[in-house]
Protein chains: 2
Amino acid sequence: MRDVAALAGVGLKTVSRVVNGEPNVAAETQARVRAAAEQLDFRPDIHAGNLRRTGRKTRTVGLVVGSVANPFSGALHRGVEDLAESRGTAVFASSLDDDASRETRIVSEMLSRRVDGLILTTVLKNQSYLAPEQQRGTVLTFVDREPLGIDADTIVTDNAEAAAAATAHLVSVGHRRLAYLGDRAEIWTASQRRTGFLRQLGRVGVATADIPVIEGLHDEASAFAATLRLLDSPSPPTALFTSQNLVTIGTIRALRTRGMHNRVALFGFDDIPLGDMIEPGVSVVAQNPYEMGREAASRVFARLDGDDSPFSTVVIPSTLIHRGSGDIAPPADGLAP
Amino acid sequence: MRDVAALAGVGLKTVSRVVNGEPNVAAETQARVRAAAEQLDFRPDIHAGNLRRTGRKTRTVGLVVGSVANPFSGALHRGVEDLAESRGTAVFASSLDDDASRETRIVSEMLSRRVDGLILTTVLKNQSYLAPEQQRGTVLTFVDREPLGIDADTIVTDNAEAAAAATAHLVSVGHRRLAYLGDRAEIWTASQRRTGFLRQLGRVGVATADIPVIEGLHDEASAFAATLRLLDSPSPPTALFTSQNLVTIGTIRALRTRGMHNRVALFGFDDIPLGDMIEPGVSVVAQNPYEMGREAASRVFARLDGDDSPFSTVVIPSTLIHRGSGDIAPPADGLAP
DNA sequence: CTGAAAGCGCTAACAG
DNA sequence: CTGTTAGCGCTTTCAG
């Protein structure tokens, strides 16, 4: 910048003014400065400026998701990005793999880079460690999962309700022998979905004591194995509820392996790519991750713009998509009680 | 930091030493400083430090991809992240949507944040605008597509060869009336794949003059429409080659709409999720985006660590996955010449 | 082993 | 409309 000022024959501050589009610079001076900047290929250092600038905004937000390779996270990321981009804000993205030990490290890494806001899909049981940072002015927004031990804007899906609705559908088709296949119970969404599943069964008077509730599944392989075990058990379920996209896929593979994909009903949480093209079509609860990301970013920017209303939780509605697998009726041979 | 120094009763530089793990600090002093830092919830500002630090590394890289919501980009992103994470380097990610007008803006945004390196899937015809930045020391690496007008490390797939191999397979099954469905010809990968497709036909003596080459497809909808047009033409092709994942999906939808998915052969470039579960299984050229991302990051870090060997192009091999759609034979009714 | 002074690239606050 | 001085939070340099 010094070089630019020298080349243009003006003071340092004048260059600063031109670069930042501040008023009170003669058009002719402006042109001269611009030319000099171009010639020297000058690029202002946003961080050096922020050091002194009031407000100290880095126009950077951090996004912490399950995995950037997961389509759910990808769509959410894109939602965040689309809003951020329109504000000249850059996005740091990091994957957690639901590994609690990574959370503090990644968050800390982002904070040392002075992000203005943090959009978090958390794994840790408790987010109270973020309170001092929130106090300091960093905007915290939680997405997909509710935080514990801290108050902040939160964007979630109607997990329990949607799970209950999917379950209700399976029951309405005639199923009584259902099974739940889901992720680790510590994960907030997983436990919400299980709750919705069981609550609905209770509501319609299906005894939940004999319903297999299998948890701790986090990838295709573990879901595949768990489903095979269920199918091979003495009295296999006639309908399955899977609580997550990877689990759904693993389960479908297992059903196909046993040739049961047209016999056992399936309702999955999370949409899966090409779910409409496989046989039978996969019935799912489709979330709206893109909208969740957009809404989260929107909350962050509102806060950065001074919104100081009480923290709120926004529920992004999900939709039941009926494609066939959820409409498979139980066998009529009396296997179902 | 000043506060920490005051609380610990030491000089500023001593705190700096402790925070950065530099030697020559008495164990007892170190403990005192650490306690003070903890108490004040001190977090060093990486950018303030970089201002004066020799080398000025921000431990940040930028990644520019097609779209973070695309599974190809997601896997690539993850490959970059996994390597970056092990080095305490954060990753900025941005989507381009193959929109040339966004490229300069996004790149400029990242440069003003002083990323140490840039991993780019470019759209612009020419990347010579980056030369001054490269001179300045920013490490540039191109991935998926070769740059023009600039010399830098590049990571690509064996596009033409793999496309030729897939084409060879379709021909070996007996097809002579093929068609190519692909993205805009300006996109380097698209043109490479088309070249491979046509070159292979030439090699085996299939007249390419009558082969439909449809370009400019960039999403499911456009691919769907183009495929329908082909299928409804007077002499429809017996085999299709699609040059990209979204195009492949749109094409499959069109084939199903016309009930031709078990009659017309299909080979796609890029793997698609659940491609093995639909009927028929989708034969594809599977790239290795994760490995491409990893390799790109590895090149960036090698350069940052001082590697100054000549720039090179690394080809990450892809694999042909035969799942059925590529093995559908042409009809025996003499339609094929 | 420790600290004081200078300065990284930029903007704030004021003076011209 | 323009420039000067101070200082952001940290590291460097160099003197204790």
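All figures in this text were calculated on a predicted structure; none of them were measured in a lab.
When distances run from any side-chain atom of P44(A) to the nucleotides dC10(C), dG3(D), dG3(C), the shortest one goes to dC10(C). Comparing dG3(D), dT11(D), dG9(C) by their nearest atom to the side chain of R53(B) picks out dT11(D). With dT13(D), dT2(D), dG3(D) as the choices, the nucleotide that has an atom nearest any side-chain atom of V10(A) turns out to be dG3(D). You'll find that the side chain of T14(A) is closest to dT2(D), out of dT2(D), dT4(D), dT2(C). In the set dC10(C), dG3(D), dT2(C), dC10(C) carries the atom at the smallest distance from any side-chain atom of F42(A). In the set dT2(D), dA13(C), dG9(D), dT2(D) carries the atom at the smallest distance from any side-chain atom of T29(A).
Between R303(B) and D153(B), at least one side-chain N (NZ, or NE/NH1/NH2) sits under 4.0 Å from a carboxylate O, which counts as a salt bridge.
Per the geometry, CZ belonging to R2(B) stands 15 Å off C1' belonging to dA4(C), to the nearest Å. Taking atom CG on L51(A) and atom C1' on dT11(C), their separation rounds to 10 Å, with Å as the unit. The distance from atom CG of D3(A) to atom C1' of dC10(C) is 14 Å, rounded to the nearest whole Å. A straight line from CG of L12(B) to C1' of dA4(C) spans 10 Å, rounded to a whole angstrom. Atom P of nucleotide dG3(C) and atom CZ of R17(B) are separated by 8 Å, given to the nearest angstrom. Atom CD of E22(B) is separated from atom C1' of dC10(D) by 12 Å (rounded to the nearest Å). We find that NZ of K57(B) is positioned 16 Å from C1' of dT11(D), with the value rounded to whole Å. The distance from atom CZ of R59(A) to atom C1' of dT11(C) is 15 Å, rounded to the nearest whole Å.
The main-chain N or O of T122(B) is found under 3.5 Å from a side-chain atom of R145(B) such that the two form a donor-acceptor pair.
Contact between the side-chain N/O atoms of N50(A) and the OP1/OP2 oxygens of dC8(D) is not found at any separation under 4.0 Å. Contact check, T54(A) against dA12(C): a side-chain N or O comes under 4.0 Å of OP1 or OP2. Remark: S16(B) is not in phosphate contact with dC10(D), judged by side-chain N or O atoms under 4.0 Å from OP1 or OP2.
Judged purely by distance below 3.5 Å, without hydrogens or angles, the side chains of R113(A) and T60(A) never pair a donor atom with an acceptor atom. Counting only N and O atoms by type, the side chains of D97(A) and S95(A) include no donor and acceptor under 3.5 Å apart.
Between H47(A) and H47(B), the angle of the ring planes stays under 30°, which puts this pair in the parallel group of the 30/60° scheme.
Summary of the strand contacts: H47(A) and K13(A) both lie near DNA chain C, and taking for each the nucleotide with the nearest heavy atom, the more 5' one is attributed to H47(A). Between D45(A) and Q30(B), the residue anchored closer to the 5' end of DNA chain C is Q30(B), taking for each the nucleotide with the nearest heavy atom.
Across all their heavy atoms, G293(B) and V80(B) have their closest contact at O-CG2, 3.4 Å.
Judged by atom type and distance alone, R52(A) does not reach the base of dG9(D) through any side-chain donor-acceptor pair under 3.5 Å. Side-chain N/O atoms of R56(A) and base N/O atoms of dG9(D) include no donor-acceptor pair closer than 3.5 Å.
Using a 4.0 Å heavy-atom criterion, one finds that N24(B) contacts the bases of the nucleic acid, with or without backbone contacts as well.
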